[in-house]
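The next block holds one structure in the form of structure tokens; read it before the comments.
Residue numbering restarts at 1 for every chain, and letters A, B, ... go by the order of the sequence lines.
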Amino acid sequence: MEKYAKVVVSNNSNHTDELYTYKIPEFLIDEIKIGHRVLVTFGRGNKPIEAFVFEISSFKEGDFKVKEIINILDENPILKKRDIEIIKWMREEYICTFMDAINCIYPKGMRVDNYKVVKLIKKEFDNLNKKEIKVLDEIMKNKGKIKVEILKTKLDNSVENIIKKLKDKGIVNISWEYKSIKNEKYIYNINLNILDDEADETVDNLIKKRAFKQADIINFLKNNQNVEINDLMDLLNISKSSIKSLEEKGLITIEKLDYYRKPKTNYEVKNKKINLNEEQLKVISKLKKSMDKENKNPFLLYGVTGSGKTEIYLNIIEEALKKNLDSIVLVPEISLTPQTIARFKNKFKDIIAVLHSKLSNGEKYDEYRRIKEGNAKIVIGARSALFAPCNNLGVIIIDEFHESSYKSEMNPKYNSIEVAKQISKTENCILILGSATPPIEAYYKCKVGEYELLELKNRANNKEMPSIEVVDMKEELNNGNKSIFSKSLFEAIKENLQNNNQTILFLNRRGYASFVSCRKCGYIFKCSNCEISLTYHKRKNVGKCHYCGYEMNIPKECPDCESNYIKEFGIGTQKIEEEVKKYFKDAKVLRMDKDTTSKKGAHEEILNKFKNKEADILIGTQMIGKGLDFENVTLVGILAADMILNFPDFRSSERTFQIINQVAGRAGRAHLNGRVILQSYDTEHYSIEYAVNYDYEGFYKDEIKIRNAFNYIPFNNLISIVIYGKNEKKVINNIQKLYDSIIYILRKRGYENFDFILGPNPCPISKINLNYRWQILLKDINVEIKLLKSIIKYICIQKRELIFDQDVNISIDINPFNIL
DNA sequence: AGCACGCCGACT
DNA sequence: GTCGGCGTGCTC
């Protein structure tokens, strides 16, 4: 019986984003399955291309000529049925292509590499012109076979035409070749294959034959076992040939072993014996009970900082292991959560796989294989770990799920929480969303019964949350204090140093000063690529753009009015470091921000130093607010709490509330009492007032009213479409066309009111990396989100060429985390 | 996207 | 008359 497969071709194009039907050749009929990776020829050029089988049927629908699948590319399907469901769902949800979604689940690095080759088949050089002979010369130089691409670089682009002629004349043959990139790595262990006393005799014989190197090897192996081939070659300064000839003589054995490139972490914590409190036990029993239920709602684990959420995670994973189920744990950022990961590693040892974006393709491949083969049962990682190829999922845990890193910035711009929900549905596993400051929309879902709320109201050590003292910086200024430290923060730091306790100072901006300007004419130094003022970095005397990395030296004279009144304004972590050193000469200070942690392992180094009390004061940006546990920190200073409030973004209040909570939670985690001093110019904003009292419920009640009034999440969805490009006029012209097209289609469907479309407007950051950016925001107020998405897909993808210029880019984001 | 086909002007 | 330049349209 004839069989057909519907496949997605691995072609990076919007125009080929559909299912293509191929005939399954006889020899594959019993073998091919949904999810298999196959090789097909595609397009008029019959280019071999990788494809993914999405459906298999015994008939073809429609009238077109079918091609045959050439072969399968892996022994077993690479995508599971649930993967295909998730891919289809993502494509709809985030307006992306099949391939965009597949690239999330099945990462690149193991793809086919294909190329066209010309082969000489007949040596007949009569009636040929000069160019043809030149081409044939090159082919012959390369033993009668050469890649067309290489031929093109050696000669010129007319090669394709010439070889086609040669092909017509029957002199050459053009074909496609491909090779699978193998990512498996092996180690070769070498051992002696003879007894020790035989070895001495052998060594003598070898020396007689002047095979000194081989003698060396035997001598070395006499004292060492399981020597890795590369080590052996390095240590004895020998080549592979000596080893090979020893193997041929049967004197040594070479054992081929799988090598898993295990990523290293170098942060250790002791395994404390922990007695769970009543609250924790209640939560755990609830979660355990639900594991066997059908149709589970996601759980929102709302636990104040230090309430022992990680302990709950460990217990649930243990339960999953008992049922022989896998677990996935997502953390906001691997390098920022070494303590959490160390705790998991301590408990579960080597059945843990750690995945993150900094792994090499080979390392990633190894971890994937360990998971697939069941050698790793617990996966910890950043958002992409969600797609790990687990065999049978028992639980997905998303820690600190309010963090913005769970939203992908790249296409597809997926939200890990939504994808996790989808995966947990298809796998029927439980989903735990943990946070001390849940996003407003998630808490709302608890209220309407979409999530089940689990609460940990008390800190595990029964300590109260540290009290937060608010200092109005306007008043400080009125009282003549121009320094960045208020009087009370200054005194507190001093006292803390005297008592030999540790202090954390938090400021959400790195660098020295937030901007540099001329006091005479008001000139502000800006990035030449972005519409962003440059942050001043004093050590190098440069202005740095924190968006594109641009740097420029700050001159003494104003480039505009040539005066000498150049001064830096605003504060950054560098400036704080300088001030601390100025006022507290004996204090040992560490700074942790993007500038001090760019080196690999720098995070751990700084955190370790601080933990070991090698420093008294840690100054840092948001980085320090994440799941870190320092016993001796008794004072936290928040230097400019209202900084985030000034962002033109609907989530800025929420973010302010979250950050204050997170950072404050760093104080007094162990036996000592903590104290938090919060400095702000705006002390009356509701997000600061509620944060100071740790009143999440109160903040929620106010914030949800605002969300409702302005039709924001969770009451409405928000779609952001940004058009960006180097040519500002074109960008404006194109965004207008986009607006007009949307209006045109909606009018035809009978809509008259377009208040729900905001824009077109320049983005709050109107230029990044030389690209001008304009934006349209849509809320699904009186138009169904599905309809809006289909209209956007039609305009921005299907009819893209017709409506937009080539050199502008379109970015579509469904429910973006920020709209900058 | 990326490739082949095809139509038209500039050359041996 | 042919080469080769780019516009057009399709990909199972």
[X] has an atom [atom1]; how far is it from atom [atom2] of [N], in whole Å?
X: A:E18; N: C:dC10; atom1: CD; atom2: C1'; result: 10 Å
X: A:M99; N: B:dG2; atom1: CE; atom2: P; result: 14 Å
X: A:I56; N: C:dC12; atom1: CD1; atom2: P; result: 19 Å
X: A:N11; N: B:dA1; atom1: CG; atom2: C1'; result: 6 Å
X: A:I49; N: B:dG2; atom1: CD1; atom2: P; result: 10 Å
X: A:N12; N: B:dA1; atom1: CG; atom2: P; result: 8 Å
X: A:E801; N: C:dC10; atom1: CD; atom2: P; result: 14 Å
X: A:F804; N: B:dA1; atom1: CZ; atom2: P; result: 14 Å

task = Select base, sugar-phosphate, or nothing to describe what A:Y22 touches, counting heavy atoms under 4.0 Å on all strands.
result = sugar-phosphate
ask   = When all nucleic acid strands are considered with a 4.0 Å heavy-atom cut-off, which category describes A:K60: base, sugar-phosphate, or nothing?
value =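 The answer is nothing, as A:K60 stays clear of every strand by at least 4.0 Å.
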Those residues that, when tested against [X], pass side chain to side chain contact (heavy atoms under 4.5 Å, CB included) (two or more places apart):
X: A:T16; value: A:V9, A:N11, A:S13, A:Y20, A:F42
X: A:A353; value: A:E367, A:R370, A:I371, A:A376
X: A:L787; value: A:R749, A:Y751, A:V783, A:E784, A:S790, A:I791

task = When you get a sec, tell me which of C:dT11, C:dC12, B:dC3 is the closest nucleotide to the side chain of A:K67?
result = C:dC12
ask   = Is the backbone N or O of A:L718 less than 3.5 Å from a side-chain atom of A:N815, with the two atoms forming a donor-acceptor pair by type?
value =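 Checking the backbone N and O of A:L718 against the side chain of A:N815, a donor-acceptor pair under 3.5 Å is found.
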message = Ring centres within less than 5.5 Å and planes less than 30° apart: is that true of A:Y20 and C:dC12 in this structure?
response =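 Stacking is absent between C:dC12 and A:Y20, given that the ring centres and planes do not meet under 5.5 Å and under 30°.
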query = ring pair (Phe, Tyr, Trp, His ring centres under 6.0 Å): which pairs involve residues 775-799 of chain A, sequence neighbours left out?
reply =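 Sorted result for residues 775-799 of chain A: empty, none.
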task = Only pairs at least two apart or in different chains count here, so list each ring pair (Phe, Tyr, Trp, His ring centres under 6.0 Å) that has a residue in residues 64-95 of chain A.
result = A:W89-A:Y94
note = Protein heavy-atom contacts under 4.0 Å, written 5' to 3' over nucleotides 4-9 of chain C as B (base), S (sugar-phosphate only) or - (none), form the string S----B
key: Over 12 non-hydrogen atoms of neighbours within 6.0 angstrom of NZ in A:K33   =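 Enclosed: over 12 neighbouring heavy atoms sit under 6.0 Å from NZ of A:K33.
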